[in-house]
Amino acid sequence: MPHDIRKWAAVLRGLTIAVMVLLPLAVVFALISTPLTPANVPQAINRPDVADAATRGQLLTVTALNLIRPLILIWTLNEMRKLFDEYRVGRVLTDACARIIQRVGYGFLALALIPLVLQPVQSVLMTWANPAGQRAISLSVNSDMLFFALSGGLIIVIGRAMRDAAEAAAENRSFV
Amino acid sequence: MTDVQIIVRLDVMLAMRKTKSRDLAQAVGITEQNISLLKSGKVKGIRFDTLAKICAVLDCQPGDLLEAVLVE
């Protein structure tokens, strides 16, 4: 296996671990430093019409739902770390690596799709206390979501192709 | 269709040529472990260049090393 792959895998593994440590710290810092008020929540969920009468329970629920995306991101980063770990020790064309690549793809896809589910739920929760007629349910698709969805799909397909390649490599290894 | 299995007769050929596995492995350029796997038939296949080298060292034909036998 080329030395370059091992070297880059080691570097990327280090960076991935650093992000895996910094990301939760940033989330915790944001949670601690931002008071949980109806005025602060709209920025987090991109909704300008949050009811001033929103209860603390509603605010907490919306904030908790906002944590799902960072959790998926950390899970995806951990899968990437596992992949770089495998590459670092010279295991490249293996079924295990191919399956990890596919899981990274599923992570990207989940990052794209989760706002589609969360945004309507959060918008309903945060406008529920508004008078009738001012309650809302919102759903939007942006370029980031499309990019993550397409990237996720691409990575899943690459992972599937890598499984075929790993199978061929394993068969080749059993030839004398 | 009748099932046919390929049997490796390398051990027979080695005995006929009075050649040790270690010497063959060295001459062919593969590990002794691979020669052992080949003798026991525990490999999925053999590369043409490996087969050619074995034939050259043992002065034989591929047919002397491989045999197709009917499986019950």
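Naming: A, B, ... by sequence-line order, numbering from 1 per chain. Every heavy atom of this structure was used, including side-chain atoms; hydrogens, water molecules and symmetry mates were not.
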Out of curiosity, does [Y] fall in the hydrophobic cluster containing [X] (side-chain heavy atoms, cut-off under 4.5 Å, transitive links)?
X: A:Leu67; Y: A:Leu77; value: no
X: A:Trp75; Y: A:Met80; value: no
X: B:Leu51; Y: B:Ile6; value: yes
X: A:Ile114; Y: A:Phe148; value: yes

message: Quick check: closest heavy atoms across A:Phe175 and B:Lys44, and the distance to 0.1 Å?
response: CE1-CB, 4.1 Å
For chain B, which residues of residues 11-25 of chain A have heavy atoms nearer than 4.5 angstrom: none
- prompt: Looking at B:Ile54, B:Thr31, B:Asn34, which hits side-chain contact (heavy atoms from CB on, under 4.5 Å) with A:Val176?
  reply: B:Asn34
- request: Mark yes when over 12 heavy atoms from residues, nucleotides or ligands other than B:Gln33 sit less than 6.0 Å from its CD; otherwise mark no.
  value: no
query: Under 6.0 Å from the CD atom of A:Glu167, do we count more than 12 heavy atoms belonging to anything else shown?
result: no
message: Please enumerate all residues that pass side-chain contact (heavy atoms from CB on, under 4.5 Å) together with A:Ser151, with sequence neighbours excluded.
response: A:Phe108, A:Phe147
statement: When the 4.5 angstrom heavy-atom criterion is applied to B:Ile46 and chain A, the contacting part is both
